[in-house]
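Since we're looking at a predicted model, the values are computed, not measured.
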Amino acid sequence: MAANGKHQAKETEEPEGFEIAPLHRMTLGYLISLLARLLAQSLKVRNGPDGILPGQYPVAVELLTHDGMSQRDLCEAVRIEQATMANTLKRMERDGLITRRQSAEDGRLATIHLTEYGARLARASVRNAAEVNTVALEGLDPAAQTALRDMLIGLTERLEADLKRRG
């Protein structure tokens, strides 16, 4: 604490070659988070007020391709926590997008299925997501689009591996 009783900001040394300019303060995490929010907002606008919400999108797409998954399998496929998945499914069920059925293999488990209404909205959402991607990638040639996707996959894989090592 300084003599006046206020905390002083701790000065840190910046990495060599790092400039302190407003735009350079945008870290990779910030920029990717901002991009994710903008992509989600664009999808939400296109899907409309009664459409699939961005947080429901990965679940709906997974169920379009693998109908009848368990909640646990959905968590693993979409990479979200059990509590978040439970809340998402509860809302999707309330909105008539999914139904739960007792598993034929294990009566203690439920399987999750898109309703006809949910499948229709999910297919529309997939088309809308493709449109959002087109807008976001406008101006990048196909090779640059592939390179960007490969870089993002690489970043994801390295961070997942790091979390496994540390957790």
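- Residue L137 is grouped with residue L155 when hydrophobic side chains (ILVMFWY) are merged at heavy-atom distances under 4.5 angstrom, including chains of intermediate members.
- Separation of atoms CD (Q41) and NZ (K44) is listed at 8.5 Å; rounding is to 0.5 Å.
- For the pair T156/R79, a side-chain contact is recorded, criterion being any heavy-atom separation below 4.5 Å from C-beta on.
- In the hydrophobic clustering of ILVMFWY residues, with side-chain heavy atoms under 4.5 Å counting as a link, V132 and L35 come out together.
- Nearest heavy-atom pair across G55 and P58 is O-CD, 3.7 Å.
- A donor-acceptor pair under 3.5 Å is absent between the side-chain atoms of N128 and the main chain of L43, judged by distance alone.
- Among all heavy-atom pairs drawn from V78 and M85, the shortest one is CG2-CE, 3.9 Å.
- The side-chain heavy atoms of R149 and T146, taken from C-beta on, include no pair separated by under 4.5 Å.
- Residues L159 and I153 do not share a hydrophobic cluster, clusters being chains of Ile/Leu/Val/Met/Phe/Trp/Tyr side chains in contact below 4.5 Å.
- Across P54 and A40, no two heavy atoms sit closer than the pair CG-O, 3.2 Å.
- When every heavy atom of I52 is checked against every heavy atom of G118, the shortest pair comes out as CD1-O, 4.4 Å.
- Among residues at least two apart or in separate chains, side chain to side chain donor-acceptor pair (under 3.5 Å) pairs with a member in residues 95-105 are E93-R100, R101-H113.
- For R94, the CZ atom counts as densely surrounded, since its 6.0 Å shell holds more than 12 non-hydrogen atoms of other residues, nucleotides or ligands.
- Of the inter-residue distances, the one linking R91 atom CZ with Q56 atom CD reads 6.0 Å to the nearest 0.5 angstrom.
- V135 is listed as a side-chain neighbour of R46, based on a closest heavy-atom distance under 4.5 Å.
- Interatomic distance, CG of D162 versus CD of E160, reported as 11.0 Å (0.5 Å rounding).
- The shortest distance between side-chain heavy atoms of T134 and E131 does not fall below 4.5 Å.
- Between the CG atom in D73 and the OG1 atom in T111 there is a gap of 10.5 Å [rounded to 0.5 Å].
- A continuous path of Ile, Leu, Val, Met, Phe, Trp and Tyr side chains, each step under 4.5 Å between heavy atoms, connects L89 with V61, placing both in one hydrophobic cluster.
- Under the 4.5 Å side-chain heavy-atom criterion for Ile, Leu, Val, Met, Phe, Trp and Tyr, L64 and L53 are members of distinct hydrophobic clusters.
- When all heavy atoms of G96 and T115 are compared, the pair lying nearest together is O-OG1, 2.6 Å.
- In this structure, the side chains of Y117 and D50 come closer than 4.5 Å at one or more pairs of heavy atoms.
- Put simply, the residue from T88, V59, L63 that forms a side chain to side chain contact (heavy atoms under 4.5 Å, CB included) with I98 is L63.
- Heavy-atom minimum distance, L39 versus A136: CD2-CB, 4.0 Å.
- A distance-only check finds a donor-acceptor pair linking the side chain of D67 to the backbone of L114 [under 3.5 Å].
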